[in-house]
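Each remark here refers to the structure printed beneath this line.
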Amino acid sequence: MHEYSIVASLIDLCEKEAKKHHAKAIKSLTISVGRLSGIEIHFLEQCFDTFKEETICHDATLSIELCEVVLLCASCHEKSIVEKNHFICPKCYSEDVAMIGGQELHVKSIEIIEE
Ligand SMILES: [Zn+2]
């Protein structure tokens with residue numbers, strides 16, 4: 001279960017942040033997830049709600065933003081956003097493209113509640 005380990009490391013990160021800022025709790029956590037990251041968003045949310053109970057995140061809300069899949073064309077060097085999973089450059093129709101975004105998971109912000 002990939003999602004469990006993601007949630008565990010997110011909570012870990014929150015605990016470190018809270019300690020650094022002497023916060024008593026985490027208010028919210030915003031992450032961005034690539035559309036092709038393979039992460040099940042609903043499952044990730046469920047995991048977070050299950051795991052957070054005994055942690056600094058017990059009252060925290062998790063917001064997840066989906067990131068588009070971005071291609072870089074090797075022929076014309078144009079960056080484009082993939083729609084409907086067509087891995088073709090929309091400018092020159094080359095299939096020689098590399099995925100440069102859409103598989104990542106980033107923490108965008110952590111909001112803390114100070115003492
Ligand atoms: Zn192109």
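Throughout, residue positions are numbered sequentially from 1 according to the sequence presented. Note that ligands are numbered from 1 as they come in the structure, with each ligand's atoms numbered from 1 the same way. These values consider heavy atoms only, across backbone and side chains, with no hydrogens, waters or symmetry-generated copies.
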Taking the Zn ion (ligand 1) as the centre, count the protein N/O/S atoms lying under 2.8 Å from it.
-> 4

Distance-only polar pair, side chains of H21 and E17, donor-acceptor under 3.5 Å = yes

Full working for side-chain contact (heavy atoms from CB on, under 4.5 Å) between M99 and V70 | CA-CA 6 Å; M99 210 195 304; V70 183; over 6 Å; no

Determine whether E114 and K24 make a side-chain contact, defined as any pair of heavy atoms from C-beta on separated by less than 4.5 Å.
-> no

Measure up the F51 and Y4 rings against each other and bin them: parallel (under 30°), tilted (30 to 60°), perpendicular (over 60°).
-> tilted

Here the pair of heavy atoms bringing F87 nearest to V69 is CE2-CG1, 4.2 Å

Is the closest basic N to carboxylate O distance between E65 and K108 below 4.0 Å?
-> yes

